[in-house]
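Naming convention: chains lettered A, B, ... in sequence-line order (proteins, then strands); numbering from 1 in each chain. Side-chain atoms are counted along with the backbone in the values below, which use heavy atoms only and exclude waters and symmetry mates.
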Protein chains: 2
Amino acid sequence: MGTQIDLPLDQVLVGDCIAWLKHLPPASVHAIFADPPYNLQLKGTLRRPDDSLVDGVDDDWDRFADLGAYDAFTREWLTECRRVLRKDGTIWVMGAYHNVFRLGTALQDQGYWILNDVIWRKSNPMPNFRGRRFTNAHETLVWAARGPESRYRFNYAAMKALNDDLQMRSDWLIPLCTGGERLRDDAGAKLHPTQKPEALLHRVILACTAPGEVILDPFLGSGTTAAVAKRLGRRFIGIERDTTYAEAARARVAGVEPAPEEAAAALPSKKEQPRIPFGTLVERGLVPAGTQLFDRQKRWQAVVGADGTLRCGHATGSIHKVGAAVQEAPSCNGWLFWHIEQRDGRLRVIDELREDVLRQM
Amino acid sequence: MGTQIDLPLDQVLVGDCIAWLKHLPPASVHAIFADPPYNLQLKGTLRRPDDSLVDGVDDDWDRFADLGAYDAFTREWLTECRRVLRKDGTIWVMGAYHNVFRLGTALQDQGYWILNDVIWRKSNPMPNFRGRRFTNAHETLVWAARGPESRYRFNYAAMKALNDDLQMRSDWLIPLCTGGERLRDDAGAKLHPTQKPEALLHRVILACTAPGEVILDPFLGSGTTAAVAKRLGRRFIGIERDTTYAEAARARVAGVEPAPEEAAAALPSKKEQPRIPFGTLVERGLVPAGTQLFDRQKRWQAVVGADGTLRCGHATGSIHKVGAAVQEAPSCNGWLFWHIEQRDGRLRVIDELREDVLRQM
DNA sequence: CAAGCTGTTGAATCTTACC
DNA sequence: TGGTAAGATTCAACAGCTT
């Protein structure tokens with residue numbers, strides 16, 4: 001523990017993270033959280049359907065000449081991180097599909113031992129405005145030990161408590177950082193383009209550190225890691241090369257009140273009520289494509305498509321839309337309107353099938 | 001399309017996938033789904049998937065040699081896949097944290113263009129018995145085009161329909177393959193250690209192929225890809241080196257009943273429907289020359305010319321150009337902006353007239 | 001005050017057909 | 001091949017205002 005005396009604890013260091021890391025003593029921090037540039041490679045502009053402009057990440061710090069340059073940068077800071085990490089420490093590295101495969105490969109190549117890949121599922125992601133891909137609704141965190149033999153810390157009980165006494169899974173549902181939590185400049189614009197939600201860091205820090213231990217963030221940005229660390233009674237070392245961000249992080253941390261020691265345990269988790277689209281019943285074979293559906297009096301019949309749409313004469317669309325169309329009604333709850341014919345000839349309302357699926361989950 | 005005659009369609013090919021891929025003509029398949037082995041073995045050879053390797057590591061294994069051998073194998077079959085893939089085709093590659101970073105990096109290095117990483121969230125994952133990690137509750141699918149300029153297929157409307165008229169997200173909740181769907185041997189043991197659920201392949205195939213197109217699976221295993229392809233009216237090519245699995249897959253496919261043709265077709269998007277110029281409505285008398293058009297709030301009005309142009313003050317041109325001009329917007333979809341006044345005085349959007357014409361064709 | 005309506009926004013690799 | 005024009009495309013959360 002003597003080396004900790006030399007550590008710049010609870011400080012925001014301004015400058016290049018690789019240079020700063022080289023100044024830190026070896027095997028000195030218990031955990032690292034790194035949210036490096038993603039190398040998004042955006043081209044042109046993107047507009048929403050209402051013609052408003054999307055404010056994409058086009059900052060200089062996210063531009064690299066090519067994948068090779070990005071890999072070289074990644075391997076350099078990861079090498080220094082591994083030197084600085086204690087033998088029993090763990091590292092979190094975060095990214096999206098643009099860069100996360102480079103990050104994971106570099107971690108493995110350097111001898112880190114991956115423990116989990118954790119999915120941050122965004123409850124409110126930005127949609128895909130042009131309809132050319134799936135909504136990119138998540139980011140990935142790779143959690144790794146220093147090596148395969150590491151006796152790392154995992155606060156299993158705390159994670160289970162945080163998840164209503166169920167084992168914490170590798171997929172986490174957490175909203176974007178918006179509203180009052182989002183730092184803003186004097187003009188009311190977001191201060192940092194990619195500020196992470198405190199809930200995410202709360203879970204990360206609680207999972208792999210004990211109170212008083214040191215967590216290092218080489219890309220501190222707006223200071224979420226430092227703020228949550230202080231609130232949870234951990235020590236932090238933050239490195240940030242942009243002076244504006246670093247200043248904002250310092251001010252933010254200064255305003256944080258550490259939680260009472262006994263309260264640093266758990267926040268209530270929001271229980272998730274899964275929504276079952278009709279298409280799910282089709283995919284799972286409960287209502288195969290081609291099945292005929294009927295209303296209760298068998299006045300109408302419709303055919304199920306592989307994509308979960310119904311077709312009845314000219315009407316095509318969701319179970320609700322087609323139900324409304326055939327009745328010439330303004331709206332219709334298709335779950336209660338449509339039925340399948342069972343083997344014994346009796347009708348069964350499809351809402352009961354949905355309940356079967358819900359029970360399985 | 002002539003090359004398709006040479007393709008071994010709807011067959012299960014037994015043998016090494018790289019050798020078989022080299023025999024297939026270039027640019028011949030519309031989509032590829034690959035669920036490769038993620039085991040590494042000593043001396044660089046690979047064996048088939050086996051649950052036992054997750055944590056057990058041999059003492060004398062050389063980590064670099066093993067990762068290198070896995071990478072070499074990955075790059076070899078991905079190279080052949082890229083040759084066989086049509087210019088506008090897409091590939092799905094699936095893995096877990098042990099191997100998916102190698103897969104994604106290899107894809108990018110070979111020029112593939114990642115479109116999404118999709119998370120298969122398991123509703124019923126195996127718990128982590130020792131409580132040393134988060135429950136590993138997901139696997140990752142990487143979806144990629146052949147290159148950044150590819151004009152790939154994405155059945156956006158079908159995916160949206162499958163999800164109750166909300167954009168399909170990158171996280172999919174699907175149960176493990178269990179119960180009656182799981183293939184078993186005579187002793188009742190599972191036939192294949194990693195049989196994928198049909199619901200997963202249903203969504204994959206529906207997202208990126210049209211009926212009649214060809215999907216290739218170089219690691220067919222128990223044949224889920226082939227079975228779902230047949231049921232959805234797609235053609236398949238399956239490669240599997242284990243004769244037991246290959247035989248089981250053949251028998252499984254033979255028992256599959258294809259869905260009716262109209263059910264297998266995905267909901268066509270507007271882009272895929274034949275284009276109706278606005279002038280057609282004028283020609284056919286649905287919107288006679290001289291008709292006045294209004295926006296929804298009747299803030300502007302325009303007069304229809306005999307050539308299908310609009311005139312509104314100084315602005316003259318297509319319905320789109322004039323719509324954009326009066327709003328001073330960068331662009332405008334005139335079909336949804338302009339309305340005609342009906343006899344009862346109510347407004348009707350001209351897009352509905354276009355749909356009437358489409359139905360008559 | 002509650003309920004409802006409007007406008008804004010978030011790590012974005014976001015079009016295609018025709019000439 | 002490139003240039004131009006047609007026309008397709010959004011979800012959840014929050015803030016601020018009206019009813």
[X] versus [Y], closest heavy-atom pair with distance:
{"X": "A:Glu181", "Y": "A:Glu198", "value": "OE2-N, 2.7 Å"}
{"X": "A:Gly221", "Y": "A:Glu240", "value": "N-OE1, 2.7 Å"}
{"X": "A:Gly223", "Y": "A:Ala249", "value": "CA-CB, 3.7 Å"}

Could you tell me how far apart [X] ([atom1]) and [N] ([atom2]) are, to the nearest whole angstrom?
{"X": "B:Leu336", "N": "D:dA8", "atom1": "CG", "atom2": "P", "result": "7 Å"}
{"X": "B:Trp338", "N": "D:dA6", "atom1": "CH2", "atom2": "P", "result": "15 Å"}
{"X": "A:Lys122", "N": "D:dC11", "atom1": "NZ", "atom2": "C1'", "result": "13 Å"}
{"X": "B:Asp351", "N": "D:dT9", "atom1": "CG", "atom2": "C1'", "result": "13 Å"}
{"X": "B:Tyr156", "N": "D:dT9", "atom1": "OH", "atom2": "C1'", "result": "7 Å"}
{"X": "B:His320", "N": "D:dG7", "atom1": "NE2", "atom2": "C1'", "result": "5 Å"}
{"X": "A:Asn124", "N": "D:dT10", "atom1": "CG", "atom2": "C1'", "result": "13 Å"}
{"X": "B:Met159", "N": "D:dT9", "atom1": "CE", "atom2": "P", "result": "15 Å"}

Are the aromatic rings of [X] and [Y] close, with centres under 6.0 Å apart?
{"X": "A:Phe219", "Y": "A:Trp61", "answer": "no"}
{"X": "A:His98", "Y": "A:Tyr38", "answer": "no"}
{"X": "B:Trp120", "Y": "B:Trp172", "answer": "no"}

inquiry  = Between A:Ser123 and B:Pro330, which residue's closest nucleotide on DNA chain D lies nearer the 5′ terminus?
reply    = B:Pro330

key: Along DNA chain D (nearest heavy atom to each residue), the more 5'-positioned of A:Thr178 and A:Arg48   = A:Arg48

ask   = For DNA chain C, which nucleotides open and close the run of contacts to chain A, 5' to 3', at under 4.0 angstrom from a non-hydrogen atom?
value =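 Nucleotide range in contact with chain A: C:dT9 to C:dT16.
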
request  = Spell out, as yes or no, whether a donor-acceptor pair under 3.5 Å connects the side chain of B:Trp113 to the backbone of B:Glu149.
outcome  =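 No; judged by distance alone, with no hydrogens or angles, the pair does not exist.
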
task = Would you check if the side chain of B:Asp295 reaches a backbone N or O of B:Trp300 as a donor-acceptor pair within less than 3.5 Å?
result = yes

If you look at every strand shown and take non-hydrogen atoms under 4.0 Å, does [X] touch a base, only sugar-phosphate, or nothing?
{"X": "B:Arg275", "answer": "sugar-phosphate"}
{"X": "B:Lys160", "answer": "sugar-phosphate"}
{"X": "B:Ile114", "answer": "base"}
{"X": "A:Pro125", "answer": "base"}
{"X": "B:Trp113", "answer": "base"}
{"X": "A:Asp51", "answer": "nothing"}
{"X": "B:Gln167", "answer": "sugar-phosphate"}
{"X": "A:Asn136", "answer": "sugar-phosphate"}
{"X": "A:Arg130", "answer": "base"}
{"X": "A:Lys43", "answer": "base"}
{"X": "A:Asp62", "answer": "base"}
{"X": "A:Gly95", "answer": "nothing"}
{"X": "A:Pro197", "answer": "nothing"}

task = Report yes if at least one side-chain N or O of B:Arg354 is closer than 4.0 Å to OP1 or OP2 of D:dA8; otherwise report no.
result = yes

inquiry  = Side-chain N or O of B:Ser318 versus OP1/OP2 of D:dA6: is the shortest distance under 4.0 Å?
reply    =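 Yes, B:Ser318 has a side-chain N/O under 4.0 Å of OP1/OP2 on D:dA6.
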
Given [X], which of [options] fulfils the side-chain contact (heavy atoms from CB on, under 4.5 Å) condition?
{"X": "B:Val142", "options": "B:Leu115, B:Asn116, B:Val118, B:Ile114", "result": "B:Ile114"}
{"X": "A:Arg102", "options": "A:Asp71, A:Asn39, A:Leu107", "result": "A:Asp71"}
{"X": "A:Gln195", "options": "A:Asp35, A:Leu176, A:Thr224, A:Thr178", "result": "A:Thr224"}

ask   = So what does the secondary structure string of DNA chain D come out as, 5' to 3', with Watson-Crick or wobble pairs under 3.5 angstrom, [ ] for crossing and | for pairs with another strand?
value = .|||||....|||||||||

message = Going by the glycosidic torsion and a 90 degree boundary from 0, is the base of C:dT13 oriented syn or anti?
response =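 Syn for C:dT13; the angle stays within 90° of 0.
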
